[in-house]
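Working notes for the structure below.
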Amino acid sequence: MSTISGTSHEIFKELNESQINAVTATEGYIRVIAGAGTGKTKTLTHRYAYLINELGISPSNILCITFTNKAANEMKRRIKTMLGEEFDTSFVATLHSFCTRVLREEITKLFYPDNFIVLDNIDQKKILEEVYDEMGIKMDTASFKFMIDQIRYYKNLLTYVEYLSNPNFDYTTLKTKTQSDEIIIRYIKKQRKYFGLDFFDLINFTIYLFNNYLDVLLKWQKKLCYIMVDEFQDITAKEFKMIRRLSEYNRNLFVVGDPDQNIYEWRGANMDVIVNFEKWLNNECFENQLELKAQDIILSRNYRSREPILLAANSLIEKNCNRVVKHLHTDVSGGDKVIYLHAKSDKDEIKYICSKIKAHVDSGGKYSDYAVLYRSGYVSRFVEQGFLGADIPYVVYGGVGFYERMEIKDVLSYMRLVDNIDDDLSFKRVINVPRRKIGKVKLKALTEYAEQNDLSLFRALSSLCDTALFKGSKAKDFVDAIERLRETAENLSVSELLQNILLETGYELYIRESGDIDRLDNITELLRSIVTQEIEFGENLTLSTFLQDITLFKDSDTEDKSDCVRIMTIHTSKGLEFDNVFLVGLTEGVFPSARSLEERQNDALEEERRLCFVAITRARKKLYLTESEGFGVKGFSKTPSRFLFDIDENLLEIVGVIPEEIKAEYIILSRMFDKTDTVVYSVGDQIRHKAFGEGIVEEVDEKTKTYYIRFVNGIKPISFSYKGLSHVF
């Protein structure tokens, strides 16, 4: 660029060279790999301003896609600060908002009115309630969530749009094999009746319009001269194909993202789109179209974190294979080493965390200078309990406190009812969880009978459960279950009693059938915490004592949340930053998640490592990585997460003594999901085969990807991909 106007000087103010290159690269297909804290939003907003001020492009011809309303609003705020409040930023929008705008203009072609309703979660539930009522099915929270998931899966196929957009479609021609199929068909039929589109429909209907009405597609292609996409690593294949088609007329597509921060593959994000961007651009090209080329720009200068934090982040993420190589760096040297705490118990772990926060506050700092991050929601239990005991104010950011979660409240209510059958509040909470066909009419009659006879609700139900009033309900089953539990309670530990409650009341089955694994994990964590308390208290931990302690913990919470530690899952923390971060519960099986590794093996391992990378790069000044010994949610002995050993030990200040056998175990773990074309073992290595026993590697054939290992019964050719090998130590 030979000359820069005064306006350009303002646009380029505080931008580094790579950012300026991105801002001024306006033509063609451009992929910007923007590492954590490298000024991605600033680059996008300044490019938007550059297109308007320097190229004279109208805002109505620039589409800037973001993936959250929060991000869209922040970009609009920054743009208006640079360009003025009068600028139209309506095309700075989420993909759903953009699709809604397209449909408002075009949906009449699909025999829908332009004032169609966008269905939110409550609307969806009301429609499902109507369907359930027609089919004589009782609906609860669990079945609602399950069916919404089933509807989403069904709508992955766009064929349903064909008959929703056909006012004369005969729905009886659709074959249904299961009750779920019938519910889905009735749901979408009612959608049509109400002219409502849910979030899944907004994108699907827009794609259908573009695919089947080329005049509509061409209109929008011509209109959108420049398209920018933020958080491109989180895009799905379906979304990319739509955006790519929109860009085909003007061929100006600018995408920004970071493969190392893709943490949503589990919900459909396709990371390969950004990693192999040029290949995806050239998929499904029109006939006689020249091969499209993409320009690459990498933003790696970090403005957020101190150098030791970035070095640890780089050391971790370089263990991933599926990525675009880059190394975060900062021009500011100095800073404290990342601290890795290995504690003897989770009590010691939280005690250490509390001591650091208290010392900071005592020296004039604020509680709000700290954030605590964790992989799964149930990990918050020991953090919350520790903070309450240490009188440290906190808020669960983007969620609810552990003891305020639905399933924990339900289980504790069952325990209170077993402890005291006259507890009407607990009775009311659990009488229909899971459903027992005791509706409002029956409950009203029961309440009146209880008041007239000066009885608690449970005692009243015991008297009436065999009468005609409760015929067809499961009132008798409920009464019998609670009475059996009360009879055995004195001879059982609190943890054993909880397990019996889950079984006898049908509550565990109810949660399992909902498919909500997080809720099951929370209950398991409650059980684990009780077992830990029993070890400490011995026989002194009675049901009454336990319930009293829980109440004291909850009641000690403070109302003043103005200055407090923020605690949250790593997923919630995405896009946020904090001066000091504790990444807690770094236990193998918890983080990385054993369930994820089971389901998707190496793909899951890399995504879990990216999630850890995201957590690390939230910290500005100080980072603490913590874990502890003991036993986990499944009863296994806790061992440190492999991610702790992925980071170069020289970059960490280790607090506590890590047993040598744990380090040896990591070497095995680190090879568990290696790529099948990678050599893991060398000639001379002593190997254990789960069927043949111990042996020695005599030859490694990389061409055929085979190990030749001598066992007692001879040499065996073993494939690189075989997972049943491990080192002998």
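None of the values given here were measured: they were computed from a predicted structure.
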Is it the case that more than 12 heavy atoms not belonging to [X] sit under 6.0 Å from its [atom1] atom?
X	atom1	result
K442	NZ	yes
K189	NZ	no
F199	CZ	no

Mind checking whether F578 and Y370 have ring centres under 6.0 Å apart?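 Here the rings of Y370 and F578 have centres that are no less than 6.0 Å from each other.
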Begin with the C-alpha distance, continue with both residues' side-chain angles, and end with the deciding distance and a verdict on side-chain contact (heavy atoms from CB on, under 4.5 Å) for T569 and L373. CA-CA 5 Å; T569 64; L373 310 182; over 6 Å; no
Within the side chain of [X], is there an N or O that forms a donor-acceptor pair under 3.5 Å with the backbone of [Y]?
X	Y	answer
T467	L464	yes
R610	N262	yes
D480	D477	no
E384	F402	yes
N432	R435	no
E504	L485	no
T488	R484	yes
S593	S596	yes
S376	Y378	no
N453	L455	no

Spacing of [atom1] belonging to [X] relative to [atom2] belonging to [Y], to within rounding of 0.5 Å:
X	Y	atom1	atom2	value
R519	T524	CZ	OG1	13.5 Å
S456	N420	OG	CG	8.0 Å
E130	K190	CD	NZ	4.5 Å
L543	I530	CG	CD1	9.0 Å
C612	L586	SG	CG	6.0 Å
K476	L461	NZ	CG	10.5 Å

salt_bridge([X], [Y]) N-O dist < 4.0 Å:
X	Y	result
E508	R512	yes
E606	R609	no
R416	D419	no
D521	R595	yes

Check whether any side-chain heavy atom of [X] lies under 4.5 Å from a side-chain heavy atom of [Y], and answer yes or no.
X	Y	result
I353	T626	yes
D423	F458	no
I523	V411	yes
V655	H342	no
M568	S573	yes
L128	I148	yes
V379	E525	no
Y340	E627	yes

Results of ring-ring contact (aromatic ring centres under 6.0 Å, His included) for Y507 - residues two or more places apart only: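 ring-ring contact (aromatic ring centres under 6.0 Å, His included) check on Y507 returns Y510.
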Any chance you could lay out the side-chain contact (heavy atoms from CB on, under 4.5 Å) test for I482 and Y414, step after step, and finish with the verdict? CA-CA 8 Å; I482 298 299; Y414 271 118; 4.2 Å; yes
D346: which of K638, R528, K351 passes side chain to side chain donor-acceptor pair (under 3.5 Å):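 For D346, the side chain to side chain donor-acceptor pair (under 3.5 Å) check succeeds only for R528.
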Relative to the ring of [Y], is the ring of [X] parallel (under 30°), tilted (30 to 60°) or perpendicular (over 60°)?
X	Y	value
Y264	H571	tilted
Y394	F387	tilted
F591	F643	perpendicular

Closest approach of [X] to [Y] (non-hydrogen atoms, all atoms of both residues):
X	Y	value
E349	G585	OE2-N, 3.2 Å
T505	I501	OG1-O, 2.6 Å
G472	K437	O-CD, 3.3 Å
T587	S628	OG1-O, 4.4 Å
M135	I183	SD-CG1, 3.7 Å
E483	S462	OE2-OG, 3.8 Å

Do Y187 and D198 have a side chain donor and acceptor closer than 3.5 Å?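 Looking only at side-chain atoms, D198 and Y187 do form a donor-acceptor pair, the distance falling under 3.5 Å.
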Just checking, any donor-acceptor pair under 3.5 angstrom between side chains of N580 and H360?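 Per modelled atom types, N580 and H360 side chains form no pair under 3.5 Å.
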Walk me through whether S495 and S493 qualify under side-chain hydrogen bond (donor to acceptor under 3.5 Å, both in side chains). CA-CA 5 Å; S495 59; S493 66; 3.1 Å; yes
side-chain hydrogen bond (donor to acceptor under 3.5 Å, both in side chains), that's the test. Do Q191 and D201 meet it? Break it down for me. CA-CA 10 Å; Q191 268 193 263; D201 302 321; 2.5 Å; yes
Take T572 and R566, measure what side-chain hydrogen bond (donor to acceptor under 3.5 Å, both in side chains) needs, and give me the verdict at the end. CA-CA 11 Å; T572 301; R566 285 161 289 183; over 6 Å; no
side-chain contact (heavy atoms from CB on, under 4.5 Å) between R405 and K409, intermediate numbers included: CA-CA 6 Å; R405 292 167 191 166; K409 282 189 166 186; over 6 Å; no
Would I654 and I339 count as a side-chain contact (heavy atoms from CB on, under 4.5 Å) if you check the C-alpha gap in whole Å, the side-chain angles of each, and the deciding distance to 0.1 Å? CA-CA 6 Å; I654 300 176; I339 291 176; over 6 Å; no
Go through the steps to decide whether D181 and T176 satisfy the test side-chain hydrogen bond (donor to acceptor under 3.5 Å, both in side chains), and finish with yes or no. CA-CA 5 Å; D181 291 342; T176 57; 6.0 Å; no
Would you please test D149 and R152 for salt bridge (Lys or Arg N to Asp or Glu O under 4.0 Å) and show each step? CA-CA 5 Å; D149 286 342; R152 185 177 74 246; 2.9 Å; yes
